[in-house]
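Contents: one structure, followed by commentary.
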Amino acid sequence: MRKRGIILLTVLFMALLWGGSLLVVASSKQEPKLKEEAIRWIEDHQPLLIDLSDQIWGYAELGLKEFKSSELLADALEEAGFQVERGVAGMPTAFVATYGEGEPVIGLLAEYDALPGLSQKVSSTQEPLEEGAPGHGCGHNLLGVGSVGAALAVKEVLAAHPISGTIKLFGCPAEETLIGKVYMVKYGLIDGLSAALTWHPSSTTKVSNRSSLAMNSFWVEFRGRTAHGAGDPWNGRSALDAVELMNYGVNLMREHMELTSRIHYVITDGGEAPNVVPDYARVWYYVRNANREKVEELYQRVLNIAQGAALATDTTYQVNLITGVYNTLVNNTGVKIMHSNLELVGPPLFSSEELTFAREIQKGVEKPEVGLAEEIEPIKEPPKLVGGGSSDVADVSWITPTVSLNVATTAKGTPGHSWATVASCGSPIGHKGMLVAAKTLAATAVDLIYDGELLKQMREEWKEKTQGFTYKSPLPEGRKSPSLPK
Ligand SMILES: [Zn+2]
């Protein structure tokens, strides 16, 4: 009897083991169920995510100074069981949080920096919380927490349905100055990722299939000799003259550059008083093109103009390349996978109060009072001429297949980087958009972890597009950590 009992127990144990392995195999064909679990986790934890996002909205810390914001997110991930490495890539506010083991390794990108001078209450008229203080004019309070919410939800699925797979959340500082991810790529942190997913707050809800412009951000400092503006100007050599001459030269060059190029500048230092010949002047430039190599060519031409300006004005000059980024490499397979998950999740559903609040904001910025985007935009053929801004997500896209989502968090037509964006990104409108983003990112990550075929297709497209390509960091060699212009 005893022997038969042992045999029975052994058989039962074997059956359990077999059942357990069956569960893993079966789960790869049950993504809808696993995705539902991830989505449900986010629904059940809405108050936590909204609270995190509102705290970061309140901190509104500038790039590379996001101490409280990055700590808040890193702590939340650590408490949930992620291994967190802080102060990575030469930046105290950068971190990487990892959960799981083995391949595939899916990266989620989080940002949390604010913009200077945009402090604003959650109000439909311009009303600073604190005059001159920073504000979340790009909605990065939502961006960071949306990605963290997705990472936490995927972790729950991984824990409940063990399979080979890792989720990595990258805490990326200083996106507004296009710094964080360029350093993270340079330090090799993105190496080994199977794919990367991210999102950005927006006035529309769609998966992005548009590229962005490659760019160099740099300043040129000129040094001359001071003198009394009227007493002995012949003894002076004006650094401001050099800046003006350089800008004039660049403006003449505009006629002779491609339509896909953009150049803009501001004079950050131009002297203190008209009757003092300025011995120091500084101009800050952005040079952009749809192609990284063309940025390098244009950059050299601008530097030649700076040299000419220094020679003509008998001054000296110094160039400091602050940062540079690539253009974005779009992954259409990834776009389709994420789009189907966005449809599964659905667009943010706004209440009548939220629509009214959006219309009031639109009135405040003199835009048509049309409210909020309530539908998902279909995937359309992107425009032939790449325009618009630049992003440091672009550099990640050349290291691993990358997809980015936009979700409506602001009123249609309101300007980015404005008080209007700060107001809605601190309101329930922003919260709702953020939750849609978290769910869509989580569902997409579950797809890529539990359905090897989808990831394979995404990677094949990326491999084809990067054939013969070697990533060269736009940063100067030997540069270990970033610095920002004062
Ligand atoms: Zn942004």
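All residue numbers in this chain count up from 1 along the given sequence.
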* To do: I would like to know whether Gln457 and Thr333 meet side-chain hydrogen bond (donor to acceptor under 3.5 Å, both in side chains); could you show each step before the answer?
  => CA-CA 7 Å; Gln457 288 168 14; Thr333 313; 5.9 Å; no
* To do: Apply side-chain hydrogen bond (donor to acceptor under 3.5 Å, both in side chains) to Asn406 and His200, showing your working.
  => CA-CA 5 Å; Asn406 290 325; His200 202 290; 5.3 Å; no
* Mind running side chain to side chain contact (heavy atoms under 4.5 Å, CB included) on Leu193 and Lys168 for me, showing each step along the way? => CA-CA 9 Å; Leu193 279 196; Lys168 267 192 179 194; 4.2 Å; yes
* Going through the checks in order, is the side chain to side chain contact (heavy atoms under 4.5 Å, CB included) test met by Ser147 and Leu441? -> CA-CA 7 Å; Ser147 296; Leu441 293 177; 3.8 Å; yes
* To do: Take Ile449 and Leu158, measure what side chain to side chain contact (heavy atoms under 4.5 Å, CB included) needs, and give me the verdict at the end.
  => CA-CA 9 Å; Ile449 292 171; Leu158 271 174; 4.2 Å; yes
* Residues Phe218, Val302; criterion side chain to side chain contact (heavy atoms under 4.5 Å, CB included); working and verdict -> CA-CA 11 Å; Phe218 58 101; Val302 173; 3.9 Å; yes
* To do: Would you check, one step at a time, whether the test side-chain hydrogen bond (donor to acceptor under 3.5 Å, both in side chains) holds for Gln55 with Tyr59?
  => CA-CA 6 Å; Gln55 283 191 60; Tyr59 296 154; 3.2 Å; yes
* Just do the side-chain hydrogen bond (donor to acceptor under 3.5 Å, both in side chains) check on Trp284 and Ser217 with the steps written out, would you? => CA-CA 8 Å; Trp284 187 6; Ser217 162; 3.1 Å; yes
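When all heavy atoms of Ala60 and Ala114 are compared, the pair lying nearest together is C-CB, 3.6 Å. Shortest non-hydrogen contact noted between Phe82 and Ala151 is CZ-O, 3.5 Å. Residues Glu175 and Ser390 approach most closely at OE2-O, 4.4 Å, considering heavy atoms. In terms of heavy-atom proximity, Pro474 sits nearest to Leu321 at O-CD2, 3.2 Å. Nearest heavy-atom pair across Val283 and Val243 is CB-CG1, 3.9 Å. Between Ala408 and Ala373, the shortest heavy-atom distance links the atoms CB-O, 3.9 Å.
The 12-atom threshold is not exceeded at CG of Leu259, counting heavy atoms of other residues, nucleotides or ligands nearer than 6.0 Å. Counting heavy-atom neighbours within 6.0 Å of Lys465 NZ, excluding the residue itself, gives a total above 12. Atom CD of Glu477 is surrounded by 12 or fewer heavy atoms from other residues, nucleotides or ligands within 6.0 Å. Counting non-hydrogen atoms of neighbouring residues, nucleotides and ligands closer than 6.0 angstrom, the CD atom of Glu460 exceeds 12 such neighbours. Shown here is Tyr248, whose OH atom has no more than 12 heavy atoms of other residues, nucleotides or ligands within 6.0 Å. Heavy atoms from other residues, nucleotides or ligands lying under 6.0 Å from CD of Glu43 number more than 12.
Looking at residues two or more places apart in sequence or on another chain, you find a side chain to side chain contact (heavy atoms under 4.5 Å, CB included) between Trp57 and Val122, Leu129, His136, Asn141, Val422. Checked against salt bridge (charged side-chain N to carboxylate O under 4.0 Å, His left out), Glu78 has the following partners two or more places apart in sequence or in another chain: Arg86.
A donor-acceptor pair under 3.5 Å links the side-chain atoms of Asp113 to the main chain of Glu176, judged by distance alone. A donor-acceptor pair is defined here as one N or O able to donate and one able to accept, closer than 3.5 Å; no such pair exists between the side chain of Tyr112 and the backbone of Gly63. For Thr315 (side chain) and Ala239 (main-chain N/O), no donor-acceptor pair under 3.5 Å exists by modelled atom type.
Using a 4.0 Å cut-off between charged side-chain N and carboxylate O, Lys294 and Glu258 make a salt bridge. Of the charged side-chain nitrogens involved, at least one lies within less than 4.0 Å of a carboxylate oxygen, so that Glu296 and Arg292 count as a salt-bridged pair.
When only modelled atom types and interatomic distance are considered, Thr268 and Arg282 share a side-chain donor-acceptor pair under 3.5 Å. A donor-acceptor pair shorter than 3.5 Å can be found between the side chains of Thr260 and Asn289. Between the side chains of Gln83 and Thr98, no donor-acceptor pair is found at a separation under 3.5 Å. At a cut-off of 3.5 Å, with distance as the only test, a side-chain donor of Arg288 or His264 sits close to an acceptor on the other residue. In the model, Trp398 has no side-chain atom that pairs as donor or acceptor with a side-chain atom of Thr328 under 3.5 Å. Side-chain contact annotation: Ser397 with Thr402, donor-acceptor N/O pair under 3.5 Å absent. Checked by atom type, the side-chain pair Arg301/Asn304 shows no donor-acceptor distance below 3.5 Å. Using modelled atom types, one finds no donor on one side chain facing an acceptor on the other under 3.5 Å when comparing Asn209 with His339. A side-chain donor-acceptor contact under 3.5 Å links Thr444 and Asn341.
The CG atom of Leu245 sits 10.0 Å away from the CG atom of Leu311 when rounded to the nearest 0.5 Å. The structure places CG of Leu454 at 4.5 Å from CD1 of Ile337, a figure rounded to the nearest 0.5 Å.
In this structure, His161 and Tyr450 have perpendicular ring planes: the angle between them is above 60°, well past the 30° mark.
Residues Tyr299 and Tyr285 place their aromatic rings such that the two centres sit no closer than 6.0 Å. Checked against a 6.0 Å centroid threshold, the rings of Tyr471 and Tyr326 count as neighbours.
Between Trp199 and the options Val207, Leu109, Leu142, a side chain to side chain contact (heavy atoms under 4.5 Å, CB included) holds for only Leu142.
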